[in-house]
Amino acid sequence: MTFKKRTHTCGDLNISNVDETVVLNGWVSSVRDLGGIYFIDIRDRYGITQLRIVPENGEPYDVASRIGLEFVISSSGKVIARENPNRNIPTGEIEIDVSELTVLNKSAVTPFVVEEDIKASEELRFKFRYLDMRRKKISDNIVLRSRVFQTVYRYFDSEGFLVIETPILMKSTPEGARDYLVPSRIHKGKFYALPQSPQTYKQVLMVAGMDKYIQICKCFRDEDLRADRQPEFTQIDLEMSFVSESDVFNVCENMIREIWKEIKGIELESFPVMSYDEALLTYGSDKPELRIKGDMKITDVTGTVEDCGFKVFDDVVNSGGMVAGLKLEGREVTRKVIDNLTEYVKSLGMGGLAYFRFNSDGSVQSPVSKFISETVQNNIREKFDAKNGDTVFLLSGEKKRTLLALGNLRLKLATDFMLIDESVDRFIWINDFPLFAFDDEANQIIAEHHMFTMPKGEELYKLDSDKCDIETITSIRANCYDLVCNGSEFGSGSIRIHRRDIQEKVFNILKLDKQEVEQKFGFLLKAFEYGAPPHGGFAFGFDRIVATLCGTKDIRETIAFPKTTSALSLMDGSPGSVEQKQLDDLGIVIKY
RNA sequence: GGAGCCGUAGUUCAGUUUGGUUAGAACGCCUGACUGUCACUCAGGAGGUCGCGGGUUCGAGUCCCGUCGGUUCCGCCA
């Protein structure tokens with residue numbers, strides 16, 4: 001079938017094109033039949049243009065009567081000025097006086113109407129993603145994503161980085177997230193794993209002297225999903241040799257700055273740096289949201305309530321826990337709000353929520369006031385610098401748990417009371433993360449970031465076996481850092497261990513035996529024996545960067561073919577079953 | 001693995017609290033009228049396995065149990 005090539009897109013034409021003869025190809029977005037005149041909106045991803053067809057146009061008038069929504073059409077004609085311009089769209093001053101109208105392809109009646117103000121559920125939109133993507137809202141996101149992609153590679157190219165591809169089929173390592181496995185046909189009973197990240201490869205590339213590596217790559221983690229987590233996601237992965245933390249910060253920060261300049265036309269100021277410990281104490285999170293009005297920092301009142309006589313607090317203080325809280329400025333919250341917040345902190349595993357309502361009439365309302373002396377109450381008030389009209393919320397319990405719960409409560413309050421300034425993007429580096437954490441469940445020491453992370457130089461001595469108590473070990477800080485934007489982790493990285501002796505001490509502490517280590521990471525350690533340079537790197541969550549630029553937290557809105565929270569692809573129906581022969585080839589028997 | 005919310009026409013929802021005649025509305029779809037619309041308007045029409053399975057009941061969209069799917073949160077995600 002032949003068709004006329006388009007001379008313009010549906011977003012191109014304006015008043016300066018009047019009298020030109022043009023050809024537009026696109027989809028029927030709307031048909032308005034006024035009985036004697038048709039107005040047809042033709043759409044492509046660039047825009048929408050109005051076609052005007054009257055009986056005098058001849059055959060096109062007949063064709064128009066048989067046209068439906070989402071038909072693919074080709075239309076030729078002369079650009080004319082509209083009698084009644086539509087100022088709301090860029091092409092609104094003109095229309096096409098149609099001389100030729102061809103249906104290139106019909107469309108079945110669509111399961112939902114393709115319109116900007118979409119009514120269909122996400123479920124349906126994902127199943128018919130190709131229809132969903134015809135909406136400007138989604139196609140704009142996809143276009144933006146492409147522009148970010150190009151900006152990133154352009155930036156790193158100008159900085160002398162090499163784009164190097166790493167394998168998608170690699171070896172499974174049980175550490176970290178659950179792997180997606182791929183069975184081997186040639187080696188029955190053996191499996192490849194899809195990369196959780198190209199971590200080991202990029203470190204080997206440094207040993208190879210590749211110096212500055214960059215790749216935008218897919219990563220796979222078989223864990224439970226969230227709005228900002230997909231089973232397969234995209235990382236901007238980079239690694240550099242002969243660098244320290246500040247070098248990595250510079251390169252990464254400049255990349256972000258370049259993207260924001262390109263996409264938003266904004267020159268970002270340099271990003272502040274805060275240690276993990278300070279972030280946890282101040283915001284109850286290692287990814288603090290800095291756009292909250294009044295900042296809403298955590299106030300520690302453990303010392304203030306010591307021996308106050310209120311059993312709950314006394315018990316917590318005596319067992320080494322903490323009592324701390326947040327101040328909600330200028331809000332006298334209702335009973336209903338308190339109940340709701342109490343329920344929320346309980347869902348976080350906290351015992352309850354104490355509060356002081358400092359009413360504007362000077363009275364104080366609190367469920368714990370009858371247990372606590374007026375002096376202590378006044379001290380608490382002073383600590384928070386609470387004024388009439390403020391409400392103070394207190395949580396108590398084991399220190400880290402309490403801080404993390406306060407961090408969540410802070411976000412909940414900010415959301416519920418609309419305290420987040422959505423008009424800005426606030427970045428912050430978080431560094432000096434702990435090297436190790438103690439996993440209560442497994443009752444063992446685990447690597448907080450990953451096992452190749454370099455401890456801070458001044459703390460190297462703590463790795464020695466004679467200092468191996470849990471408290472010392474978990475106090476070790478690492479050359480490890482996250483970039484946080486608007487309370488969302490944009491990425492993380494570290495300076496890596498390049499010396500075998502340090503690496504072995506880390507393995508020791510993680511209780512990994514030689515054979516196990518050899519089997520899993522032998523190739524990397526082997527590589528390190530042949531002159532590994534000091535190196536470090538970073539990995540950005542590409543989807544989250546794009547989502548932020550698109551003004552959403554839901555990365556699905558920025559991915560062409562996203563999966564649901566149960567890791568299904570509704571459009572193509574993956575995962576699906578396979579034929580018995582395929583299983584036989586792989587030597588796989590399915591057990592349910 | 002745990003908790004919450006949702007599932008009714010092609011679509012978005014109402015109806016579920018308190019079980020009871022023929023399950024409604026809007027948009028879309030079909031037919032007709034209309035020459036300046038852009039959410040066109042107007043008149044008429046078709047369209048339902050109330051997610052699925054079981055149970056209670058004379059009777060279930062409505063109550064109970066299970067299950068599937070969507071979504072949010074906790075755990076998990078080095």
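In what follows, chains are A, B, ... by sequence order, proteins preceding strands, each numbered from 1. What you see is a predicted model, and the numbers here were worked out from it, not measured in a lab.
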Using a cutoff of under 3.5 Å, can you pull out all pairs of nitrogen or oxygen atoms linking the protein to nucleotides 38-44 of chain B, with atom names and distances?
from	atom 1	to	atom 2	distance (Å)
B:C38	O4'	A:Arg32	NE	3.1
B:C38	O2	A:Arg82	NH1	3.1
B:C38	O2	A:Asn86	ND2	3.2
B:C38	N3	A:Arg82	NH1	2.9
B:C38	N4	A:Asn84	O	2.5
B:C40	N4	A:Asp33	O	2.4

request  = Could you work out the separation of B:G70 and B:U22 based on their C1' atoms and round it to a whole Å?
outcome  = 33 Å
Quick note, A:Lys119 side chain, CB onward, closest among B:C74, B:C29, B:U12 is B:U12
Query - Pairing of A:Arg477 and A:Glu459 as salt bridge, 4.0 angstrom limit - result: no
When both distances are under 3.5 Å in a Watson-Crick or G-U wobble arrangement, the nucleotide paired with B:A3 is B:U72
pair_partner(B:U67), Watson-Crick or wobble, both distances < 3.5 Å, evaluates to B:G51
| said: Whether A:Ser566 contacts B:G70 is assessed here as follows: a side-chain N or O lying under 4.0 Å from the phosphate OP1 or OP2. Is that the case? | reply: yes
Rounded to whole Å, the CZ-P distance (A:Arg125 to B:U11) equals 15 Å
Next item on the list: For A:Ile446, answer base if it contacts any base atom (sugar-phosphate contacts may also be present), sugar-phosphate if it contacts only those atoms, and nothing otherwise; contact means non-hydrogen atoms under 4.0 Å.
Entry: nothing
Pairing partner of B:A9, by Watson-Crick or G-U wobble and under 3.5 Å for both distances, is none
Of the candidates B:U72, B:C77, B:G36, the side chain of A:Glu223 sits closest to B:C77
By the Watson-Crick or G-U definition, both distances under 3.5 Å, B:A33 is matched with B:U41
ask   = With respect to the phosphate group of B:U72, does any side-chain polar atom (N or O) of A:Arg556 fall under 4.0 Å of OP1 or OP2?
value = yes
Contacts satisfying ring pair (Phe, Tyr, Trp, His ring centres under 6.0 Å) that involve residues 36-68 of chain A (not counting sequence neighbours) are A:Tyr38-A:Tyr61
Note to self: Whether A:Thr565 contacts B:G70 is assessed here as follows: a side-chain N or O lying under 4.0 Å from the phosphate OP1 or OP2. Is that the case?
What the structure shows: no
Classify A:Glu95 by what it touches in the nucleic acid, base, sugar-phosphate, or nothing, heavy-atom distance under 4.0 Å. base
Q: Could you work out the separation of B:C30 and B:C6 based on their C1' atoms and round it to a whole Å?
A: 32 Å
To the nearest angstrom, the CZ-C1' distance between A:Phe39 and B:C34 comes to 13 Å
Between CD of A:Glu56 and C1' of B:G36 the distance, given in whole Å, is 14 Å
*For B:U71, does OP1 or OP2 lie under 4.0 Å from any side-chain N or O of A:Ser121?*
no
Between B:C63 and B:A9, how many Å separate the two C1' atoms, rounded to a whole number? 25 Å
- Does a salt bridge link A:Asp97 with A:Arg52, judged by any charged N lying under 4.0 Å from a carboxylate O? yes
Looking only at B:C77, B:G70, B:C73, the nucleotide nearest the A:Arg221 side chain is B:C77
Taking the same atom, P, in B:G61 and in B:U21, what whole-Å distance lies between them?
11 Å
A:Lys563 atom NZ is separated from B:G69 atom P, nearest whole Å, by 16 Å
Exactly one candidate in A:Phe249, A:Phe490, A:Tyr276 meets ring pair (Phe, Tyr, Trp, His ring centres under 6.0 Å) with A:Trp429; the answer is A:Phe249
